[in-house]
Amino acid sequence: MAPQVHNLQELRRSASLATKVFIQRDYSEGTICQFQTKFPPELDSRIERQLFEETVKTLNNFYAEAEKIGGSSYLEGCLACATAYFIFLCMETHYEKVLKKISRYIQEQNEKIFAPRGLLLTDPVERGMRVIEISIYEDRCSSGSSSSGSSSGSGGSSGGGGGGVGSR
Amino acid sequence: MPPGGGGPMTDCEYSQISTHSSSPMESPHKKRKIAARRKWEVFPGRNKFFCNGRIMMARQTGVFYLTLVLILVTSGLFFAFDCPYLALKITPAIPVVGGILFFFVIGTLLRTSFSDPGVLPRATPDEAADLERQIDIANGSSSGGYRPPPRTKEVIINGQTVKLKYCFTCKIFRPPRASHCSLCDNCVERFDHHCPWVGNCVGQRNYRFFYMFILSLSFLTVFIFAFVITHVTLRSQQTGILNALKDSPASVLEAVVCFFSVWSIVGLSGFHTYLISSNQTTNEDIKGSWSNKRGKENYNPYSYGNIFTNCCAALCGPISPSLIDRRGFVQPDTPQPAAPSNGITMYGATQSQSNMAAATPLLQSEPSLTSDELHLPGKASLGTPCTSLTLGQPTPPSSMPNLSSEATLADMLPLKEELVGHQFLTPEEAPSPPRMLAGSPLAHSRTMHSLGLVSQDSLHEDSVRGLVKLSSV
């Protein structure tokens, strides 16, 4: 775990922000929170299409689970109404629980997949659920490609991931 | 195996990875020096906050107090004057049921008035710039004069074409069913209407409380009215009607209030019951967005098809948490939302709101501002005493035209970039033509904001003073 922490913090110190890519919402299914899975061209050289799509699809599934209207959400709603919504002082709503899961997932994805590639995902909840913001970092130290620069900052196991981008 | 550059490793703190944290060395240092400000204090919309951000209401709350007073007084009179007689004569269940209804009404009213209706936070500067770029690409170069035509995006939801409009104030494409409330100056999700009686917008997060409020209020009004009439009737059977009215004058007042309220409240409850069962908002119904009159193919894409599911979804569905995070702390290196008309708010809540009240009618409607209008926020922001910036001599605002100040500050900014954080001078800083003048108060307010937050360090304070003096020349 420790090398991963240093990885991201090293990234922030030695890398400079090059640009940000925004994944917009996909409203084709109504007002529920879904993000577009279209692969942005700026990430073409940075990350595999499949990994990216998998991340976005997992996030979409999480949000669908949070907003699911079914038996358990009705129960929660009726119970809350019956207690004049005071129950929310003690209990977390289902939505909040899923949001916590999402932020843990994003952190994990950042550590394992995105940071070794010089990318950083921002939790959509910090951007008002409008976008998934992906920050692209350029490593200042390296004269070569940025993937080699980021692998100099990464620990042993994640070095393979960083180097893998170049080798593919 | 230590990675390359082992030096920084030794003084690195093992803090939770967060996209918001500044480098670990600085954050505990900063927090000790300043009282970190909460996000509600710099909120760009026209809202009032109480209890350190826990309560959120619209600016005009006079009518809300009227509502509260009417309900409290009428119910109070009922419990004081009518209930004793009725409890004895008929059943003590009457005050009990009345009491339960009363508490439910007050509870739902307060819940509706005090909660966040579903305000969408404004776009960060990076997002706004990205959107602008995409729109420019889509439109080709902006042609029609200074103000580009209103921007819309079309999506197909459940087979129905829905137009998403671009909000010039919040710099976002509004999600479907969202609308911008001009009174509160916020985009609100699933915007129903702005209700002055509850002193707040009614939107996605508080619609069910609003509905419960008007429903229970209708029951309460009918209840009180019925039992006041019963009370007077019973008394008049004993003592005659005139004496009965003289014995309990409060009943007359209650009856009058209830009589006039019952039509509107019951009518409103009925209307909203219809809206819920067809899954529409007041906004959509008034505009006739989904009515058959627009065309045979027009239907509501959000409806679940049957009344029961629509009702359950509206009343018992999940509530999303508030997106604006009122009580969170403002992070120094987090990009603040793009708010050209509200750069003033960053200097102190109360003063800024009074400034905004004057400034916003002027500024709110225009995405592209003339330099005269720009001068106003510049004036107000510099005139406001800044608690964090210790400027020796308050620079006379009139001597500091915005555009020149922006240029001088921007020149100095590359030096400060290392200290402040890396997000302020991103490639998006290059202003595109329609944004040119809108960009300058933006940059100005943002740079001033960043300067304000870093000035606690004495080194920064001196450089800030130097900057301001430079720009006043």
(request) Can you see which heavy atom on B:I319 is nearest to which on A:Y95, and at what distance? (result) O-CB, 3.8 Å
(request) Identify the heavy atoms of B:C316 and A:Y74 that sit nearest to each other, and give their distance. (result) CB-CD2, 3.7 Å
(message) Quick check for you: to the nearest 0.5 Å, what is the distance between A:E67 atom CD and B:S320 atom OG?
(response) 7.0 Å
(request) Determine the option with the most heavy-atom pairs under 4.5 angstrom with chain A, choosing from B:A178, B:P175, B:S322. (result) B:P175
(request) Identify which part of B:L164 has an atom lying under 4.5 Å from any heavy atom of chain A, answering side chain, backbone, both or neither. (result) side chain
(message) Is A:R130 in contact with chain B via its backbone, its side chain, both, or neither, using a 4.5 Å heavy-atom distance?
(response) side chain
(request) Flag the pair B:T124 / A:R127 as yes when at least one side-chain heavy-atom distance between them is below 4.5 Å, and no otherwise. (result) yes
(message) Counting only non-hydrogen atoms closer than 4.5 Å, does B:F103 touch chain A with its backbone (N, CA, C, O), its side chain (CB onward), both, or neither?
(response) neither
(request) Would you give the length of the straight line joining atom CG of B:L131 to atom CZ of A:F22, rounded to the nearest 0.5 angstrom? (result) 8.0 Å
(message) Does B:Y304 have more than 12 heavy atoms from other residues, nucleotides or ligands lying within 6.0 Å of its OH?
(response) no
(request) Could you look at A:A66 and say if it's the side chain, the backbone, both or neither that has a heavy atom under 4.5 Å from chain B? (result) backbone
(message) With a 4.5 angstrom heavy-atom cut-off, is it the side chain or the backbone of B:R190 that approaches chain A, or both, or neither?
(response) neither
(message) If you count every heavy atom of other residues, nucleotides or ligands that lies below 6.0 Å from B:I157 atom CD1, does the total exceed 12?
(response) yes
(message) Quick check on B:P301 against chain A: is it the side chain, the backbone, both or neither that has a heavy atom closer than 4.5 Å?
(response) neither
(request) Mark yes when over 12 heavy atoms from residues, nucleotides or ligands other than B:K153 sit less than 6.0 Å from its NZ; otherwise mark no. (result) yes
(request) Side chain from CB out, backbone as N, CA, C, O: work out which of these in A:E96 comes under 4.5 Å of a heavy atom of chain B, or both, or neither. (result) side chain
(request) Side-chain contact test, heavy atoms from C-beta onward, threshold under 4.5 Å: evaluate it for A:Y27 versus B:V162 and give yes or no. (result) no
(request) Verify the neighbour count for atom CZ of B:F219: are there more than 12 heavy atoms of other residues, nucleotides or ligands below 6.0 Å? (result) no
(message) Measuring only between side-chain heavy atoms, which start at C-beta, is A:T93 closer than 4.5 Å to B:P318?
(response) no
(message) I need the minimum non-hydrogen distance between A:G128 and B:L323, along with the two atoms involved.
(response) O-CD1, 3.5 Å
(message) Under 4.5 Å from any heavy atom of chain B, what part of A:C81 do you find: side chain, backbone, both or neither?
(response) both
(request) Specify which of B:C312, B:G107, B:G317 makes the most heavy-atom pairs with chain A at under 4.5 Å. (result) B:C312
(message) Using a 4.5 angstrom heavy-atom cutoff, name the option from A:T31, A:D26, A:V125 with the most pairs to chain B.
(response) A:T31
(request) Would you give the length of the straight line joining atom CG of B:D130 to atom NZ of A:K20, rounded to the nearest 0.5 angstrom? (result) 10.5 Å
(request) Would you mind checking which part of A:I106 comes under 4.5 Å of any heavy atom in chain B, side chain (CB onward), backbone (N, CA, C, O), both or neither? (result) neither
(request) State whether the number of non-hydrogen atoms from other residues, nucleotides or ligands found under 6.0 Å of A:K97 atom NZ is greater than 12. (result) yes
(request) Check each atom of B:I156 against the heavy atoms of chain A and say whether the ones under 4.5 Å are side chain, backbone, both or neither. (result) backbone
